[in-house]
Amino acid sequence: MKLIKKSSKMLIFSKLKILLALIFLSISAYSFGQESVFTALNKSIVDADKAFISKNYSTALSIYEDIALDDNAPENIDLRLARSYFFTYQYDRAVKYYQQHKETNLEFPVEDYFYFAEALLSIGNTMDALEYFQICLDKKPNNDLYASRIWRLSNLSYLYEDSLKNMAHRAKLNTNKSELQMLQFSEKEVYLVSNQPQVEIIKKVDSKENSSFYNLQKIETYEDPFSIVALNYENAKPIGKSLKIPFHVSAINSFEEGDHMIYAASSKQKNVKGNYPLQLYFAEIKRGKWTRTAAYEHNDLLFDMSEPSVSNDGKLLIFSANFDSGLGGKDLYKSIKTEEGWSKPENLGDRINTERDERFPFLQGSNLYFSSNGHAGLGGFDLYKSKLIDNQLGEIENLGYPVNSNYDELSLSIDSLGQQGFLSSNRQNGGFDFDIFEFALDLQIYPLAVEGIVKFIEHNWMDSSELEVLSNVALELIDRTGNNVVAETMTDSSGKFNLKVPYYSKYKIRIRGEDLDGFVSFEVPKFAKQDLSYEIVVVNDDFKNSLREENE
């Protein structure tokens, strides 16, 4: 066999071709890989932007956070993150990413200056917030919203004027979930809307907030003896099954003395966007349980209709909706009950509604309470009141601190006297973690100076003309909770006395004098009163028994 020997030049040429082929393959693979990376990244950005536009802010934020970890993330990812944190109520993080975006030379839209200022205000940075609101106004000089923010921040002191007379404190029933609304249904019973997980065979989760759906519970209450308005809570029971709620219940309201209810819940039917919008439904108590009776006749699957309130006579309905015809965001609408049914929803107008959101209306007598982030306030959503006069709404009144805070206050319910109730706020933990706060308005301020007169009668069946003044007797004010003497005084020759009550509590008075020693009850007003003059009548028969009962 004859061997054929190739030249060294041919061998070198062959090796070179192989090497070039390998390099080409490597470049192609790298380019394909890079293209795949960019394609995947671009798709993620598109998905996140779509979620944000559809107001699915939590989903958008989750995707943006992943994108931000990539070296190829877009330059304006900080702006996307800042917006998403703002709309998920995480104001401290929104501030961080707005500040990072500001350090670049990229565009900073005027609406983002507004969100930046709102976030700064919510974390208590008032001076910087004022600066950025001014930038907004400089860019849009005729914008009433920006102008009102600047005016309010320059006159914040009046929102704190009643802070000594008003109080708000976190209720004992709160969890690490979101407690969105609470309503007093009877003297010993409240209803709570929250996303605390329920015992279910199949667990349902809301992908927008990555939590359980909002549901309805009935909870028993009793007074806390150590607090002015605090309650204790027990025996929580879910009550939503008979109302046929497929996913969320967003808010409730009772009317006609608590026998009827209106509530907002997810529709069972999808709309054209593939969503299950919130719609309004009515219910009544039948055979001891709530039963859905009808849907609101003007429900519209194209929009979210939620957070309803009905006047106690059942004739006026006010709710929140994001109709296209609104002034912007969510607006408040009214509907009147007539013999023919409910009238078509009518926008409450620009005295109440703004280009931003108005939510959670609550009707109580002639007052409309609601939440808004469009009217100027302390920051985020604040709670407001407007008086209904001849079917017209009056001036808007901010309820001030401590009912409102720098963070968000959403739902409010208040008793028939307009003195105390419940509100929801995320001031404790921020974000979607809303808690229920018990609040009271126009409380008595302590220490409290009172005056009065002590009189004496031998028997309780005697005529009142037999009353005698008790002069020069000793009075001891005793706090019942600890049985401690907190103040002492004497009556003068006319039986009159002056006493300083140091704080709100349950009290009794011990009266001691010649041949006298016993106790009488002494009630101090929880809410402010002008007349603080007391007449204490000692009935000798009962007085003797009071000392014996105290000693037993």
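Taking a cutoff of 4.0 Å between a charged side-chain nitrogen and a carboxylate oxygen, Glu395 and Arg351 qualify as a salt bridge. A salt bridge does not link Glu220 with Lys188: none of the charged nitrogens is closer than 4.0 Å to a carboxylate oxygen.
At least one donor-acceptor pair closer than 3.5 Å links the side chain of Asn312 to the backbone N or O of Glu256. Under a 3.5 Å cut-off, the side chain of Asn174 and the backbone N or O of Ile436 do form a donor-acceptor pair. Remark: the backbone N or O of Lys506 is not paired with any side-chain donor or acceptor of Arg480 at under 3.5 angstrom. Ser371 places a side-chain N or O within 3.5 Å of a backbone atom of Glu409 that can act as its donor or acceptor partner.
Taking the centre of each ring, Tyr401 and Tyr160 come in below the 6.0 Å mark. Aromatic ring centres of Tyr85 and Tyr97 lie closer together than 6.0 Å. In this structure, Tyr407 has its ring center under 6.0 Å from that of Tyr91. Between Phe133 and Tyr146, the distance from one ring center to the other does not fall under 6.0 angstrom. Here the two rings, on Phe439 and Phe422, have centers that are 6.0 Å apart or farther.
More than 12 non-hydrogen atoms from other residues, nucleotides or ligands lie less than 6.0 angstrom from CD of Glu111.
Summarising the geometry, atom CE belonging to Met261 is positioned 7.5 Å from atom CD1 belonging to Ile285; distances are rounded to the nearest 0.5 Å.
Heavy atoms only, all atoms of each residue included: Leu399 and Asn404 are closest at N-ND2, 3.7 Å.
When the options Phe434, Tyr115, Tyr57 are evaluated for a ring pair (Phe, Tyr, Trp, His ring centres under 6.0 Å) with Tyr89, the one that passes is Phe434.
Seen from the ring of Phe437, Arg427 counts as a face-on cation partner, given the 6.0 Å and 45° thresholds.
Considering only heavy atoms from C-beta on, Asp300 comes within 4.5 Å of Met305 through its side chain.
No side-chain donor-acceptor contact under 3.5 Å links Thr293 and Tyr281.
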